[in-house]
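Notes to accompany the following structure.
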Amino acid sequence: MLESAPLPRDFFARPVQVVARELLGKHCTMRCDSVLVVARIVETEAYQSDIDQASHAYRGRTQRNAPMFGAPAHLYVYRSYGIHHCMNVVTTHDGDPASAVLIRAMEALEGEPVLVERRRIHDHWALLRGPGNVCQALGIDLSYSGRDLLLGNPTFLDGSPPPEPVVVTTRIGISRSQDFPWRFYLAGNAAVSRRDRRAEAMTERA
DNA sequence: AGCAAGATTAGC
DNA sequence: CTAATCTTGCTA
């Protein structure tokens with residue numbers, strides 16, 4: 001693999017939709033039990049608190065969502081349905097509403113045996129499919145919430161832009177603000193959690 | 001202090 | 001389609 005540097009804080013200090021889209025194709029490295037895991041981001045969602053009722057920060061700051069109101073390039077992790085964890089990267093910068101990108105799916109590149117062990121499945125494309133599965137595979141829990149990405153582990157690396165077209169569509173699993181087209185994924189990638197054929201058709205035309 | 005809801009997932 | 005499972009945050 002070619003050398004690549006960690007994404008600088010400035011990368012995240014931009015509008016959350018821009019960051020969500022540009023995060024596609026970027027690599028995420030995570031040291032798990034002294035083993036290096038590398039994965040490629042293939043699906044994300046943007047959450048912008050001021051106009052987004054689906055955002056955990058919509059009703060203001062609380063103990064749980066505090067990281068979303070902090071500096072960019074920090075993690076915001078929360079427990080989902082009492083069983084899973086979901087990982088977000090904070091993009092908020094001075095003067096902007098609290099915002100973060102939910103990492104929904106990745107493609108395993110290195111260290112797959114560790115992921116297989118944690119997930120207890122062998123399907124390569126399902127290892128990191130879905131936000132809850134991403135955290136289970138990488139070993140990310142509540143203790144990671146608020147962590148600065150620039151400290152390393154996990155780390156997001158710069159890299160070449162994704163060769164595949166990007167599909168833009170509406171977000172999944174929310175009951176409010178369902179119409180914002182703030183979900184992004186790499187067309188044709190088998191790790192994507194749920195495909196949107198309609199949006200993919202629009203993508204071909206573009 | 002009690003309680004309903006939830007950015008999910010796997011299995012029937 | 002539904003159960004599983006628990007933390008957060010709102011209401012009394």
Side-chain angles (χ1 to χ4, degrees), chain A residues 12 15-21 23-24 28 39 41-70 72 74-92 96-108 115-147 149 154 156 167-186 189-196 199:
Chain A
F12 301 96
V16 65
Q17 297 82 1
V18 173
V19 177
R21 176 193 281 259
L23 231 26
L24 295 178
C28 172
I41 300 172
V42 303
E43 182 185 352
T44 62
E45 280 179 0
Y47 288 86
Q48 178 185 320
S49 68
D50 61 337
I51 58 174
D52 180 6
Q53 297 191 58
S55 169
H56 285 176
Y58 182 68
R59 288 177 175 79
R61 179 175 182 142
T62 63
Q63 185 169 357
R64 178 177 66 155
N65 66 25
M68 285 186 74
F69 291 80
H74 286 248
L75 290 183
Y76 164 49
V77 181
Y78 67 91
R79 196 182 255 306
S80 174
Y81 291 88
I83 327 174
H84 311 286
H85 291 282
C86 289
M87 169 177 59
N88 303 258
V89 182
V90 176
T91 65
T92 307
D96 274 12
S99 50
V101 175
L102 172 69
I103 308 299
R104 285 196 61 91
M106 300 197 280
E107 172 185 347
L115 306 182
V116 168
E117 185 181 357
R118 290 229 175 91
R119 292 273 291 117
R120 310 235 171 146
I121 60 171
H122 286 82
D123 181 350
H124 168 78
W125 294 107
L127 286 174
L128 297 165
R129 177 189 294 150
N133 292 332
V134 164
C135 287
Q136 183 187 15
L138 295 181
I140 297 210
D141 58 19
L142 289 184
S143 70
Y144 280 81
S145 196
R147 184 179 177 80
L149 278 182
F156 288 73
V167 177
V168 182
T169 180
T170 50
R171 298 171 298 176
I172 295 179
I174 53 177
S175 54
R176 290 172 294 186
S177 298
Q178 301 175 56
D179 295 333
F180 290 116
W182 291 351
R183 175 169 175 246
F184 309 88
Y185 68 85
L186 295 183
N189 191 287
V192 170
S193 62
R194 183 188 145 209
R195 296 179 50 183
D196 182 335

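Just so we're on the same page: letters track the sequence lines, and every chain starts at 1.
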Exercise for review: First locate atom CZ of A:F156, then atom SG of A:C28, and finally report the distance between them rounded to the nearest 0.5 Å.
Suggested key: 4.5 Å
Check your understanding: Looking at side-chain heavy atoms only, is the closest gap between A:I103 and A:N88 below 4.5 Å?
Key -> no
Review point. With distance as the sole test, does A:N65 use its side chain to make a donor-acceptor pair with the main-chain N or O of A:G60 at under 3.5 Å?
Key: yes
Practice item. Have a look at A:R104 and say if it touches a base, only the backbone sugar-phosphate, or nothing, with a 4.0 Å heavy-atom cut-off. Key: sugar-phosphate
What side-chain donor-acceptor pairs closer than 3.5 Å can you find for residues 76-87 of chain A, not counting sequence neighbours?
from  : atom 1 : to    : atom 2 : distance (Å)
A:Y76 : OH     : A:H56 : ND1    : 2.7
A:R79 : NH1    : A:G82 : O      : 3.4

Check your understanding: Which part of the nucleic acid, if any, lies within reach of A:S193 when heavy atoms closer than 4.0 Å are counted: base, sugar-phosphate only, or nothing?
Key -> nothing
Check your understanding: Looking at residues 43-53 of chain A, who's got a heavy atom less than 4.0 Å off DNA chain C?
Key -> none
Check your understanding: Is the shortest heavy-atom distance from the side chain of A:V168 to the side chain of A:Y185 under 4.5 Å?
Key -> no
Review point. Looking only at heavy atoms, which two atoms of A:S55 and A:M68 are closest? And how far apart?
Key: OG-CE, 3.8 Å
Point to revise | Nucleotide B:dA7, atom P - distance to CZ of A:R176 in whole Å | key: 7 Å
Review point. Dot-bracket, DNA chain C: Watson-Crick or G-U, under 3.5 angstrom, [ ] crossing, | other strand?
Key: ||||.||||||.
Revision key, fill the gap. Here the gap from A:Y47 atom OH to A:D52 atom CG, rounded to the nearest 0.5 Å, amounts to 7.0 Å
Check your understanding: Does a salt bridge link A:E43 with A:R129, judged by any charged N lying under 4.0 Å from a carboxylate O?
Key -> no
**Study point:** Nearest-angstrom distance from the residue atom CD of A:Q178 to C1' of B:dG6
**Key:** 13 Å
Review point. Can you tell me how far C1' of C:dT5 sits from CG of A:L142, to the nearest Å?
Key: 14 Å
Between the protein and nucleotides 10-12 of chain C, list every N/O to N/O distance that falls short of 3.5 Å.
none

Practice item. May I ask you to test the A:S193-A:I172 pair for a side-chain heavy-atom distance under 4.5 Å? Key: yes
Point to revise | Neighbour count above 12 (heavy atom, 6.0 Å) for A:D123 CG | key: yes
Practice item. Measure from CG on A:L75 to C1' on B:dA7 and round the result to the nearest Å. Key: 16 Å
Check your understanding: Taking all non-hydrogen atoms of both residues, which atom of A:A137 and which atom of A:L127 are closest, and how far apart?
Key -> CB-O, 3.8 Å
Exercise for review: Could you tell me the separation between the NE2 atom of A:H56 and the C1' atom of B:dT8, rounded to a whole number of Å?
Suggested key: 12 Å
Check your understanding: Can you check the A:L127 CG to B:dT9 C1' distance for me, whole Å?
Key -> 15 Å
**Study point:** Heavy-atom check, side chain of A:T92 versus side chain of A:P72, under 4.5 Å
**Key:** no
Check your understanding: Taking the same atom, P, in B:dA5 and in C:dT2, what whole-Å distance lies between them?
Key -> 16 Å
Practice item. Please determine which of A:V101, A:V19, A:L102 meets the side chain to side chain contact (heavy atoms under 4.5 Å, CB included) test together with A:T44. Key: A:V101
Review point. Less than 4.0 Å between a side-chain N and a carboxylate O, is that true for A:E45 and A:R104?
Key: yes
Check your understanding: Side-chain donor-acceptor pair under 3.5 Å between A:Q178 and A:R171, yes or no?
Key -> no
Review point. Can you tell me if A:H74 uses its side chain to pair, donor with acceptor, with the backbone of A:V90 under 3.5 Å?
Key: no
For nucleotides 10-12 of chain B, print each protein N/O atom paired with a nucleotide N/O atom at under 3.5 Å, atom names and distance only.
from   : atom 1 : to     : atom 2 : distance (Å)
B:dA10 : OP1    : A:R119 : NH1    : 3.2
B:dA10 : OP1    : A:R119 : NH2    : 3.4
B:dA10 : OP1    : A:N133 : OD1    : 3.3

Review point. Where along residues 79-90 of chain A does a heavy atom fall under 4.0 Å from DNA chain C?
Key: A:R79, A:Y81, A:G82, A:I83
Study note, to complete from the structure: Assert: residue with more 5' nearest nucleotide on DNA chain B, out of A:G130 and A:S175, is A:S175
Point to revise | Length of the line joining A:Y76:OH and B:dG6:C1', which is rounded to integer Å | key: 11 Å
